[in-house]
Number of protein chains: 2
Amino acid sequence: MKRTNTDVPSFGYTGAESHDCRMVNSVLARIGDKWSVLVVMFLADGSKRFNELKRLIGGVSQRMLTLTLRGLERDGLVTRTVTPSIPPRVDYELTDLGRSLQKHAVALAGWANENQSAIERARTRFDSERKQTS
Amino acid sequence: MKRTNTDVPSFGYTGAESHDCRMVNSVLARIGDKWSVLVVMFLADGSKRFNELKRLIGGVSQRMLTLTLRGLERDGLVTRTVTPSIPPRVDYELTDLGRSLQKHAVALAGWANENQSAIERARTRFDSERKQTS
DNA sequence: CCGCATCCGGCTGGATACTG
DNA sequence: CAGTATCCAGCCGGATGCGG
């Protein structure tokens with residue numbers, strides 16, 4: 001989750017390039033944090049207002065939703081449109097870049113669903129084996 | 001990797017795919033943590049020993065590599081093979097499940113590379129605009 | 001309605017030292 | 001070589017209250 005590390009050293013993966021690591025990590029940090037992907041998912045079918053997103057996601061604090069949206073905006077994945085009315089209105093929408101990332105997120109979500117039971121079985125099996133040993 | 005926060009919310013997101021979200025989040029948490037993906041990448045071309053991985057990754061502490069590998073093993077993504085010799089030898093290898101996940105990781109890495117400059121531009125632009133306002 | 005400021009508990013992850 | 005154990009700083013994220 002924290003990508004504060006800067007000194008990723010030298011060498012490729014299997015044929016891939018080395019300096020990619022930082023960027024990959026940086027992107028994965030976005031993907032991996034608690035709310036970003038959920039926000040991207042819910043923005044898939046069009047722009048949403050702040051509290052609309054908050055209700056949809058359910059369980060996210062105002063603070064974290066704000067921070068998450070700022071992060072996504074900073075990376076150019078969503079746009080923030082302010083309408084200075086009373087009460088104020090703010091709409092968030094995926095950019096093209098955001099939509100292209102969303103495809104991969106959906107793919108990953110699909111993978112998670114397909115292998116959900118396999119992973120859960122592996123986890124419980126691993127945990128039960130551990131309990132016997134201890 | 002503590003998975004203590006994965007089984008929390010207890011309320012649905014918007015009805016339809018409520019329990020899917022938890023699983024997706026749980027998987028994304030694994031993907032998003034600091035070292036898992038790096039390990040999976042380096043295991044792509046065959047099994048590796050503990051210190052071999054440590055050298056390859058470079059910058060990971062013994063502790064974190066152990067924790068990361070335990071997490072991956074627990075989820076059924078890698079296998080751990082102990083050879084009780086002197087000195088002891090432990091090999092880690094991707095499972096089929098791990099390899100299927102790796103495909104998506106590679107896809108994401110590719111996306112990160114393709115859009116690296118776009119994201120960096122978005123970031124610096126966002127930051128400079130912020131500086132003016134403050 | 002939107003979002004920032006503040007406080008704070010708990011988890012993450014690094015450094016180090018010690019076993020088998 | 002391959003861990004385990006311990007300590008500890010720093011950040012993540014929740015709750016609450018204020019401000020435009």
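Closest to the side chain of B/M64, from the set D/dG3, C/dG13, C/dC2, is C/dG13. With distances taken from any side-chain atom of A/W35 to the nucleotides D/dC1, C/dG3, D/dG14, the minimum falls on D/dG14.
As a whole-Å value, the separation of A/I57 CD1 from D/dG14 C1' is 15 Å. One can place CG of A/L53 at 14 Å from P of C/dC1, the figure rounded to the nearest angstrom. Taking atom CG of residue B/L67 and atom P of nucleotide C/dA15, one finds them 14 Å apart after rounding to whole Å. We find that CD1 of B/I86 is positioned 9 Å from C1' of C/dG20, with the value rounded to whole Å. A straight line from CD of A/E73 to C1' of C/dC2 spans 14 Å, rounded to a whole angstrom. Distance, B/L69 CG to C/dG13 C1': 15 Å, rounded to whole Å. Here C/dC1 presents its P atom at 16 Å from CZ of A/R80, a figure rounded to the nearest Å. In this structure, the CG atom of B/L65 is 13 Å from the C1' atom of C/dG13, given to the nearest Å.
The side chain of A/R70 contributes an N or O atom lying less than 4.0 Å from OP1 or OP2 of C/dC4. Not one side-chain nitrogen or oxygen of B/Y92 sits closer than 4.0 Å to the OP1 or OP2 atom of D/dC1. The phosphate of C/dG14 (OP1 or OP2) has a side-chain N or O of B/K34 nearer than 4.0 angstrom.
Rounded to 10°, the helix from C/dC1-D/dG20 to C/dG20-D/dC1 has 40° between the axis fitted to its first five pairs and the one fitted to its last five.
Within the 3.5 Å criterion, the main-chain N or O of A/W35 finds no donor-acceptor partner in the side chain of A/T68. Without hydrogens or angle criteria, B/N51 side chain to B/K54 main chain gives no donor-acceptor distance under 3.5 Å.
Side-chain contact between A/F50 and A/T66 is present, with heavy atoms from C-beta onward closer than 4.5 Å. At least one side-chain heavy atom of A/L67 sits under 4.5 Å from a side-chain heavy atom of A/R63.
Counted within 6.0 Å of CZ on A/R125, heavy atoms from surrounding residues, nucleotides or ligands total 12 or fewer; the atom is thus considered open. For CZ of B/R80, the number of neighbouring non-hydrogen atoms (other residues, nucleotides, ligands) closer than 6.0 Å is greater than 12.
No donor-acceptor contact under 3.5 angstrom links the side chains of A/D127 and A/T124, judged on distance only.
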Salt bridge (charged side-chain N to carboxylate O under 4.0 Å, His left out) between A/D75 and B/R123, worked out: CA-CA 5 Å; A/D75 287 6; B/R123 281 182 184 170; 2.7 Å; yes
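Take B/R99 and apply the side-chain contact (heavy atoms from CB on, under 4.5 Å) test, not counting sequence neighbours, and it matches B/L94, B/D96.
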If a protein heavy atom is under 4.0 Å from the base, mark B; if only from the sugar-phosphate, S; if neither, -; do that for nucleotides 15-20 of chain D going 5' to 3'. B----B
